[in-house]
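Convention: sequence-line order gives letters A, B, ...; per-chain numbering from 1.
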There are 2 protein chains.
Amino acid sequence: MKTDITPRQLEIIEAAGRLITEDGYAMLTTKRLAERMQFSEAALYRHFSSKEAILVSMIEHLTASVKLRMEEVARREEDPEPRLRAMFESHFSYFKAHPEYLMAIFATNFMESSPATDRAIKELMEVMRQHLRAVVSEGQKSGVFVKAIPTDMLVAIVMGTFRLHMLQWRISGRGFDIARKGRSLMDAVISLIGTSR
Amino acid sequence: MKTDITPRQLEIIEAAGRLITEDGYAMLTTKRLAERMQFSEAALYRHFSSKEAILVSMIEHLTASVKLRMEEVARREEDPEPRLRAMFESHFSYFKAHPEYLMAIFATNFMESSPATDRAIKELMEVMRQHLRAVVSEGQKSGVFVKAIPTDMLVAIVMGTFRLHMLQWRISGRGFDIARKGRSLMDAVISLIGTSR
DNA sequence: CCAAAGTTAGTGATTACTAACTAACCTTGG
DNA sequence: CCAAGGTTAGTTAGTAATCACTAACTTTGG
């Protein structure tokens, strides 16, 4: 897995993400992407070996960002509950600033279209899950989250709620404040899985 | 919205769903669909006016099924808690029997590819949400579900958990028992949003 | 008999990608 | 110092393959 990327490659990735977020995955064509980049179709292939490579690179870029941000949060916030909150805050502000990567969260539909893309998406989901699992598990140990329910189930509940929130934001055309609404939604979830109530 | 469908149309819809679930949406082409149906491409157009119409018809068919099943459950189970459980039981056994419609749950990704498909998918999500909202709201009124959290948030949590469960089932290649695992996951969710604990 | 459901043989449009060429910008050796 | 050579990033003009879809004709069941 290559994670190093040239500035020009990043521009292309961002443009591709924007196209998908705006008009859907089916509308991401090399022609349209080249138009957006204000250069010819052939120029794309000076930076990427294939269209698939652009997608994979984009998902890997997002994965790297998630890793970085989650590790930063883990360093900043020690206690499970504020840390869980901070993790979502980080996601919300990131996607607010980079809505072009929203599609990667829901990329599961063009899954099975190519093994490489498939793998990259699974990796992204897994990275998110692992970071979530760590904090939830710790919270259970320290007694702030309920112990009666298996860690993986709590993780599934939290992650599922987060994903649906992102999806509804996207469906609404980003028509509401993802951070504000997300904060209160996550407050609700945390209060539910919390032991204090 | 047309919901009446010929037997032959249903066969085509099922074949299309199977193709998408097996190989991804990008692999649903008129050529491959015709091959599956063991007839020529042109024959497709004796039953549907366009490829888009097939998709829309498929989603509407699923929507109709959801409506029917949820109404049946509402008639069978009065109390909110067992009714919520029965709703998910119904979904699990339905998708177990008809995995070809799984993609429609995640269809939100190829949204914006066409307005008609877009509308049909939104309608499906809305129908599911409304049935869920009804039972959750009733449970809050009767005091079996927590009142401190707004209905719509509880609905988002339950629905998000359900969707992620379905997604993981799909990612795993339907490699586990969706009903068994789903039952305990939903037990966990219901215990969390319940007032008894 | 005729309509419903199939066939063959195409259509133009679009797709991702490539070959061949070039202008501008390093790098390096005499 | 400076020119020869190499690299980078662009260009134009294609390519074969595939796409959804159609026209015109045929078969068949009630």
Side-chain angles (χ1 to χ4, degrees), chain A residues 2 4-20 22-59 103 107 109-118 120, chain B residues 2 4-20 22-59 103 107 109-121:
Chain A
K2 275 180 59 185
D4 53 320
I5 251 175
T6 70
R8 199 63 167 150
Q9 281 181 316
L10 184 58
E11 282 182 61
I12 294 171
I13 284 173
E14 283 169 350
R18 242 172 265 130
L19 277 179
I20 297 176
E22 284 166 22
D23 309 313
Y25 174 66
M27 291 301 280
L28 177 71
T29 65
T30 51
K31 188 184 176 188
R32 282 169 49 94
L33 182 52
E35 267 167 21
R36 272 297 170 98
M37 287 300 296
Q38 313 234 54
F39 60 34
S40 66
E41 269 188 87
L44 279 175
Y45 294 87
R46 296 287 164 207
H47 302 279
F48 288 101
S49 60
S50 67
K51 182 184 162 182
E52 187 198 3
I54 297 175
L55 271 176
V56 169
S57 205
M58 181 176 143
I59 296 162
M103 50 66 57
N109 85 295
F110 53 80
M111 236 172 41
E112 284 145 28
S113 68
S114 95
T117 321
D118 198 25
Chain B
K2 277 180 58 184
D4 53 320
I5 253 175
T6 70
R8 199 63 167 150
Q9 281 181 315
L10 183 59
E11 282 183 61
I12 294 171
I13 284 173
E14 284 169 351
R18 244 172 263 131
L19 276 179
I20 296 177
E22 284 166 21
D23 309 313
Y25 175 66
M27 291 299 281
L28 177 71
T29 66
T30 50
K31 187 184 175 187
R32 284 169 49 93
L33 183 52
E35 269 167 19
R36 272 296 170 97
M37 288 300 297
Q38 312 235 56
F39 58 35
S40 68
E41 268 187 270
L44 280 174
Y45 294 87
R46 295 287 166 207
H47 302 279
F48 288 101
S49 60
S50 66
K51 180 185 164 183
E52 187 197 3
I54 298 175
L55 270 177
V56 169
S57 204
M58 180 175 142
I59 297 161
M103 51 64 59
N109 329 24
F110 55 81
M111 239 171 36
E112 283 145 29
S113 65
S114 97
T117 322
D118 197 26
R119 223 206 64 260
I121 290 167

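- Near DNA chain C, meaning a heavy atom under 4.0 Å from it, residues 11-18 of chain A has no residue at all.
- Applying the side chain to side chain donor-acceptor pair (under 3.5 Å) rule to R46(A) yields no partners; only residues at least two apart in sequence or on another chain are considered.
- Partners of R8(B) according to the side chain to side chain donor-acceptor pair (under 3.5 Å) rule, which considers only residues two or more places apart in sequence or in another chain, are E11(B).
- To the nearest 0.5 Å, atom OG of residue S49(B) and atom CG of residue L44(B) are 11.5 Å apart.
- Remark: A42(A) pairs with S40(A) by the side-chain contact (heavy atoms from CB on, under 4.5 Å) rule, at least two apart or across chains.
- Rounded to whole angstrom, the span from the CD atom of Q38(A) across to the P atom of dT11(D) amounts to 10 Å.
- For the pair R8(B) CZ and dG29(D) C1', the computed distance is 15 Å after rounding to whole Å.
- By the 6.0 Å and 45° rule, K31(B) does not stack over the aromatic ring of F39(B).
- Applying the salt bridge (charged side-chain N to carboxylate O under 4.0 Å, His left out) test to residues at least two apart or on different chains, the pairs with a partner in residues 32-41 of chain A are E22(A)-R36(A), D23(A)-R32(A).
- The side chain of S40(A) places an N or O atom within less than 4.0 Å of a non-bridging phosphate oxygen (OP1 or OP2) of dT11(D).
- Taking every side-chain heavy atom of H47(A) into account, dG10(D) is the closest of dA5(C), dT11(D), dG10(D).
- Remark: F48(B) pairs with Q9(B), I12(B), I13(B), A53(B), I54(B), S57(B) by the side-chain contact (heavy atoms from CB on, under 4.5 Å) rule, at least two apart or across chains.
- Taking atom CG of residue L44(B) and atom P of nucleotide dG6(C), one finds them 10 Å apart after rounding to whole Å.
- One atom, CZ of F39(A), and another, C1' of dC17(C), lie 14 Å apart when rounded to the nearest Å.
- Atom pair E35(A):CD and dA16(C):P shows a separation of 12 Å (rounding to whole Å applied).
- Applying the side chain to side chain donor-acceptor pair (under 3.5 Å) criterion to E52(A), with sequence neighbours excluded, gives S114(A).
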Checklist outcome for this item: Reading nucleotides 15-25 of chain D from 5' to 3' and marking B where a protein heavy atom lies under 4.0 Å of the base, S where only the sugar-phosphate is that close, and - otherwise, the string is ----SBBBBBB
